[in-house]
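Each remark here refers to the structure printed beneath this line.
Side chains are part of it too, since the values below use all heavy atoms of this structure and drop only hydrogens, waters and symmetry mates.
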Amino acid sequence: MSETFETHPLAPAWLAVPADPAELDPLVFTRQYTRDADGCVCVSGVPVTELARQYGTPSYVLDERTFRERARAFREAFEDALRPLGIEVAVFYASKALLTTAVVGWATEEGLNVDTASGGELAVALAAGVDPARIALHGNNKSAAELELALRVGVGRIVVDSLAEIELLSGLARDRGTRAPVMIRVTPGVHASTHEFIATAHEDQKFGLSLNPARDGEDSPALTAVAACLEASDALDLRGLHCHIGSQIFAAEGFGQAAERVLALREAVAARWDVVLPEVDLGGGYGVAYTAEDAPREVAAIAGDLAPLLAESLEASELPAPHLSFEPGRYIAGPSGCTVYTVGTVKTVTVAPGVQRRYISVDGGMSDNARPVLYDADYTAVLGNRVSHEAPVLSRVVGKHCESGDVVVKDVYLPGDVAAGDLLVVPVTGAYCWALSSNYNWLPRPGIVSVAPDGATREIVRRETVTDLLGRDTGVVDPAGAITAHARPAS
């Protein structure tokens with residue numbers, strides 16, 4: 001079909017007309033996705049039609065095998081690459097990407113630690129039975145209550161983000177008669193090639209303490225933070241340095257630059273205070289493919305490229321190799337999940353003389369995937385419940401919210417006969433979709449359905465109901481009754 005039908009004038013340059021609209025592009029549809037004899041998309045052998053029938057739409061669908069395989073592959077890639085250098089490695093799963101008790105259980109069973117960014121995330125990890133020593137607490141504005149919880153349960157590390165937090169935490173630790181294990185988040189000044197809102201290592205942003213002094217002759221904020229932690233050594237156990245350059249990053253250069261600068265700071269600390277910091281966390285933010293435009297690198301290649309850079313830095317140093325930590329971010333959860341929608345309204349609009357665009361509305365939208373409106377993120381989609389032999393038509397998949405920016409997939413070629421009642425499958429929605437979901441326009445949030453390696457399915461987070469929405473409104477005495485009390489009687 002790509003030879004028969006020309007590219008649409010409104011399509012982005014990277015988007016090709018598919019030769020086979022039913023094909024599941026292996027760049028974005030990992031091997032858990034197949035089509036059965038009826039043409040239905042299956043997740044680990046389970047048809048999405050059956051998932052929709054049993055659990056409704058929209059639904060997030062999470063494949064357990066894929067999640068576990070990607071977690072294991074990430075950990076083993078860095079262990080294999082850095083073990084020859086005598087470097088011990090730990091991997092911290094990013095709770096902010098996707099966190100449920102089931103998910104965190106899978107991560108820890110595959111040998112990962114858990115990174116949390118709030119008291120709520122910490123509570124979920126604890127509820128899942130995670131050993132607190134394997135939990136890190138992040139955040140640029142941790143409350144006293146969050147820090148007290150971390151101290152009470154004994155988390156393995158608290159990543160401090162400011163001088164004010166160092167002062168607050170040291171006071172809380174003294175009050176409890178304990179020493180808090182801390183790492184200092186530094187800003188290495190690396191400009192990662194990603195969206196501005198998810199780049200976190202440049203100077204003009206809220207995270208971390210800069211490696212650059214404000215004035216010549218002064219210590220950098222990062223060195224000032226080190227001094228403050230060492231001065232409070234009765235309350236703070238300074239374990240090391242932490243950095244994170246951003247998310248959805250494909251190029252390897254930024255990770256190497258960040259490592260070089262953080263290790264140089266470690267050298268400076270040893271030279272001034274005769275203190276060897278035993279740990280360094282080099283963050284993560286490894287990119288995944290959302291569309292055919294993306295070109296993610298295999299994690300083994302990233303680890304392999306980083307190893308010689310670290311070897312060079314360590315050879316020039318008299319310090320022992322630090323224990324290194326990495327954070328895969330969306331790499332694990334993202335490709336492990338998809339969202340299944342039901343099509344509603346389909347309409348074609350004229351954009352310019354002779355130029356039209358088809359809008360396909362689905363039963364979800366920005367409330368279950370805020371990334372397109374937040375980050376201008378791109379996704380793709382396929383017809384899920386059948387195979388069509390109609391010509392592909394440039395389409396925009398949109399949600400049902402009262403916002404013109406409520407776009408799920410900005411540009412995708414879908415068969416010309418897509419109609420109400422069809423199912424669309426949007427891949428790579430396992431990360432930052434459920435976590436960012438909302439009740440905008442009072443839509444109940446979808447549930448998360450997991451598919452086990454044996455094909456068994458279960459709802460690991462149940463779908464919300466209107467009763468749930470009304471349950472928090474203190475003016476509603478009986479949420480369930482309020483829904484039915486004003487129902488029009490049948491005539």
Side-chain angles (χ1 to χ4, degrees), residues 24 28-34 40-74 93-110 112 114-115 121 124-125 127-128 130 286 288-290 328-342 362-364 367-371 377 379-382 384 408 423-437 444-464:
L24 303 176
V28 292
F29 285 95
T30 52
R31 62 191 182 92
Q32 79 252 36
Y33 296 100
T34 57
C40 182
V41 172
C42 299
V43 180
S44 284
V46 182
V48 295
T49 48
E50 175 58 24
L51 294 170
R53 184 197 66 78
Q54 187 171 353
Y55 300 104
T57 63
S59 277
Y60 301 109
V61 181
L62 192 64
D63 187 67
E64 179 183 347
R65 178 190 288 112
T66 303
F67 185 100
R68 288 181 177 275
E69 287 178 349
R70 294 182 72 85
R72 192 179 316 128
F74 191 99
Y93 174 71
S95 294
K96 65 177 184 175
L98 175 65
L99 184 65
T100 74
T101 54
V103 163
V104 78
W106 301 342
T108 54
E109 287 168 9
E110 296 301 333
L112 274 58
V114 181
D115 179 60
E121 289 184 354
V124 175
V130 179
Y286 306 97
V288 300
Y290 289 97
R330 76 192 67 212
Y331 177 86
I332 295 172
S336 303
C338 69
T339 307
V340 181
Y341 297 99
T342 298
V362 296
D363 54 351
S367 59
D368 59 73
N369 187 353
R371 294 190 69 253
Y379 286 84
T380 190
V382 295
V408 178
L423 299 180
L424 294 187
V425 178
V426 176
V428 203
T429 61
Y432 301 108
C433 290
W434 181 82
L436 287 167
S437 62
R445 286 173 292 187
I448 305 177
V449 179
S450 74
V451 181
D454 63 0
T457 65
R458 65 187 175 108
E459 209 170 35
I460 59 174
V461 174
R462 72 167 176 82
R463 175 182 302 280
E464 283 184 331

**OP:** Step by step, work out the side-chain contact (heavy atoms from CB on, under 4.5 Å) result for Q32 and E69.
**Re:** CA-CA 11 Å; Q32 79 252 36; E69 287 178 349; over 6 Å; no

Subject >> Candidate pair V61 and V48, rule side-chain contact (heavy atoms from CB on, under 4.5 Å), full reasoning >> reply: CA-CA 9 Å; V61 181; V48 295; 6.0 Å; no

Subject >> Inter-residue atom distance W434.CH2 - L436.CG, 0.5 Å rounding >> reply: 10.5 Å

Original post:
Hey, are the side chains of F67 and S450 touching, using non-hydrogen atoms and a 4.5 Å cut-off?
Top reply: no

Original post:
Would you call L423 and T342 a side-chain contact if the rule is heavy atoms closer than 4.5 Å?
Top reply: yes

Subject >> Y341/T57 under side-chain contact (heavy atoms from CB on, under 4.5 Å): CA gap, chis, key distance, verdict >> reply: CA-CA 5 Å; Y341 297 99; T57 63; 5.6 Å; no

Original post:
With ring centroids as reference points, do Y93 and F74 lie under 6.0 angstrom apart?
Top reply: no

Original post:
Should R445 and S367 count as side-chain neighbours, where that means a heavy-atom distance under 4.5 Å?
Top reply: no

Original post:
Between G45 and C42, what is the shortest heavy-atom contact and its length?
Top reply: C-CB, 3.8 Å

Subject >> Side-chain heavy atoms of V124 within contact of T100, under 4.5 Å >> reply: no

Original post:
When rounded to the nearest 0.5 angstrom, what is the spacing between CD in E459 and OH in Y60?
Top reply: 12.5 Å

**OP:** Enter the distance from I332:CD1 to W106:CH2 here, rounded to the nearest 0.5 Å.
**Re:** 12.0 Å

Original post:
Do R53 and E50 have side-chain heavy atoms sitting under 4.5 Å apart?
Top reply: yes

Subject >> Heavy-atom side-chain contact between R70 and V288 under 4.5 Å >> reply: yes

**OP:** Give the minimum heavy-atom separation between G364 and P58, together with the two atoms involved.
**Re:** CA-CG, 4.0 Å

Subject >> For the student: nearest non-hydrogen atoms of G329 and A97, plus distance >> reply: O-CB, 4.3 Å

**OP:** Kindly say whether P427 contributes a backbone atom to a donor-acceptor pair with the side chain of Y33 at under 3.5 angstrom?
**Re:** no

Original post:
Do the non-hydrogen side-chain atoms of D115 and S95 ever get within less than 4.5 Å of each other?
Top reply: no

**OP:** For R65 and P453, indicate whether the former's side chain and the latter's backbone hold a donor-acceptor pair under 3.5 Å.
**Re:** yes

**OP:** Mind listing the closest non-hydrogen atom pair of V426 and T429 along with its distance?
**Re:** O-CG2, 3.6 Å

Subject >> Within 45° cone and under 6.0 Å: R330 NZ/CZ vs Y290 ring >> reply: no

Original post:
How long is the span from the CZ atom in R72 to the CD atom in E109, to the nearest 0.5 Å?
Top reply: 10.5 Å

**OP:** Output yes when a side-chain donor or acceptor of R463 lies under 3.5 Å from a complementary backbone atom of Y55, and no otherwise.
**Re:** yes

Subject >> Qualifying residue, where the test is side-chain contact (heavy atoms from CB on, under 4.5 Å) with D63 and the options are C338, P335, S44 >> reply: S44

Original post:
Does the side chain of Y379 reach to within under 4.5 Å of the side chain of R371, using non-hydrogen atoms?
Top reply: yes

Original post:
Per the side-chain contact (heavy atoms from CB on, under 4.5 Å) rule, which among V451, L98, L62 passes with S336?
Top reply: L62

Subject >> Where V28 and A289 come nearest, the two heavy atoms and their spacing >> reply: CG1-O, 3.4 Å

Original post:
Of all heavy-atom pairs between V46 and G455, which one has the smallest distance, and what is that distance?
Top reply: CG2-O, 3.4 Å

